[in-house]
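Step one of this worksheet: look at the structure below.
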Amino acid sequence: MKIDHIGIATRELTEATAVWRDLLGLNLDSTEEVAEQGVRIAMLPIGETHIELLEPLSANSPVGKFLEKRGPGIHHIAVRVDDIRAALARLKEKGARLIDETPRAGAGGCLVAFIHPSSANGVLLELVQHQ
């Protein structure tokens, strides 16, 4: 298991990408719209992981609501797993509160599922299985 990416909510993807590029010299790896999750994303590699910048497609999307409540900043930490269904079953068995009981489509064709912050010491966790 390792960190797949750190998700950062932002109001404007182009501006946020420029900050990470200009301050740290990161390169843009890819951009994508993930309509199912209501976001447009930019992935910037850093070491063995990525920074995932998240711009909401609407104020009613989860990231839009996050920005309204908390403003820009770290939204979630994503952990890469080999078998997302088995990981979800283990977490449920241990009493974790799951936002997603079954995986859904994520960026880059991955399967993703979120664990509620109340089960992870206040941190929104995302499980990611690359196909």
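All residue numbers refer to positions in the sequence shown, counting from 1.
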Interatomic spacing from CD in Glu12 to CZ in Arg40 - rounded to 0.5 Å: 8.5 Å
Val63 side chain reached by Gln37 side chain, heavy atoms, under 4.5 Å: no
Same apolar cluster (I L V M F W Y, side chains within < 4.5 Å links), Ile115/Ile77: yes
Single-linkage hydrophobic cluster, 4.5 Å side-chain cutoff, Val81 and Ile3 together: yes
Ile6 CD1 to His50 NE2 distance, which is reported to the nearest 0.5 Å: 12.0 Å
Verify same cluster id: Met43, Leu53 (apolar side-chain graph, 4.5 Å): no
Side-chain touch Arg80/His5, heavy atoms, less than 4.5 angstrom: no
Hydrophobic cluster identity match, Val123 and Leu127, side-chain contacts under 4.5 Å: yes
ILVMFWY cluster, Leu91 and Leu111 together (side-chain gap under 4.5 Å): yes
Sub-4.5 Å side-chain heavy-atom contact between His75 and Glu52: no
Close side-chain approach of Pro72 and Leu67, heavy atoms under 4.5 Å: yes
Minimum side-chain heavy-atom gap Leu88-Glu101 below 4.5 Å: no
Nearest heavy-atom neighbours spanning Ser118 and Arg97: OG-CD, 3.5 Å
